[in-house]
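Structure first, commentary second.
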Amino acid sequence: MAAAVALLWLFLIQQGLMFKYCIVSASSSSCSGSIVRTQGTHFARNGRPVYLNGFNAYWMLMAAADASTAKNVTGAFRQASSVGMNVARTWAFNDGAGSYKPLQISPGVYDESVFRGLDFVISEAGRYGIYVILGLVNNYKELGGRPQYVEWAKERGQNVSEDDDFYTNAVVKGYYKNHVQVVVRRVNTITGVAYKDDPTIFAWELMNEPRSNDYSGALLQMAAYLKSIDGCHMLEVGLEGFYGESKKDLNPNGLLFGTDFLTNNQVPQIDFATTHLYADQWYLLYITRSSIFDYLINI
Ligand SMILES: *[C@@H]1O[C@H](CO)[C@@H](O)[C@H](O)[C@H]1NC(C)=O
Ligand SMILES: *[C@@H]1O[C@H](CO)[C@@H](O)[C@H](O)[C@H]1NC(C)=O
């Protein structure tokens, strides 16, 4: 059941539902003022508050990598900016030869033409005044994700079997770390600006909706690694927002996914928290008819 719901949520995200962010931590540094940072409980650029209104569009990298569909990327940014949107969340990953237009074909091996697609996405976003939040891997098997990383290690003789080995196996973690540094250090072939210096990038996201059976926090060790390469852009985890064991009664229907919204976001390198809101899905799928009734009358 949980797996089916996970896929459904992913599907919904892929359909470009609106999302919202809230701020939980503040940080400051001597970075270029044109890169958005937290300032108290605001996002700020050049000392002025930045307010956001945005959308998800997972498909941009793939569309941009094909000359016949690249105009869809431009069209989406143009349309979004015309209705006042200023941030898009999209993927800086597509892992595995089995995926359509893979960015990372095998560990550390990249398709340069697809990478140029990502360059185009960022460049077009900048032209339309839209920030991008770039996700670095998927939790799910769509577009490779955690399962593909584990599979790669298995094919290379590692004793790994479960997707959760992503968080613990040194070889798998090495692959992910390498992907992080390849993307973050990339110099955009269109604008000439290194991603790590590009004010169009609003933030990095460690993983889309990380989950595990026994969350060790290993993914969060990657937060420090990413910040050691790019200390200026903000970083968020990609969490859905579920509380851990001690507050599970506050989760929809007591659901637990091996994450803890509070402790995972308190990691010093994490600049802001995220939630993914699918209340209609959680309640329709998990609450019995009579408890829906209780819910409605108690709301
Ligand atoms: C691009 O846009 C056209 C309509 O203009 C649509 O039919 C097509 O599915 C889109 N392709 C992608 C990859 O988004
Ligand atoms: C592989 O890992 C499993 C689970 O950790 C362990 O039980 C098994 O002994 C390991 N096999 C080898 C060949 O190391």
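Reckoned from all heavy atoms, side chains included, excluding hydrogens, waters and symmetry mates. Indexing begins at 1, ligand by ligand and atom by atom, following the structure's order. Only a predicted model underlies this, so the values are computations on that prediction, with no experimental measurement involved. In this chain, numbering begins with 1 at the start of the sequence shown.
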Item to check | Arg186 charged N/C atom sitting above Phe115 aromatic ring, 6.0 Å / 45° | outcome: yes
Below 4.0 angstrom, counting only protein heavy atoms, does anything approach [atom]?
atom	result
atom 2 (O) of ligand 2	yes
atom 11 (N) of ligand 2	yes
atom 8 (C) of ligand 2	yes

Checklist entry - Would you call the rings of Tyr131 and Phe202 parallel, tilted or perpendicular if under 30° counts as parallel and over 60° as perpendicular? => result tilted
Next on the checklist: Counting neighbours of NZ on Lys196 that are heavy atoms of other residues, nucleotides or ligands and sit closer than 6.0 Å, is the number greater than 12?
Outcome noted: no
Item to check | Atom pair OG1 (Thr189) and CD (Glu112), whose distance is rounded to the nearest 0.5 Å | outcome: 6.5 Å
Checklist entry - What protein heavy atom is closest to atom 6 (C) of ligand 2, reported as residue, atom name and distance in Å? => result Asn159 ND2, 4.1 Å
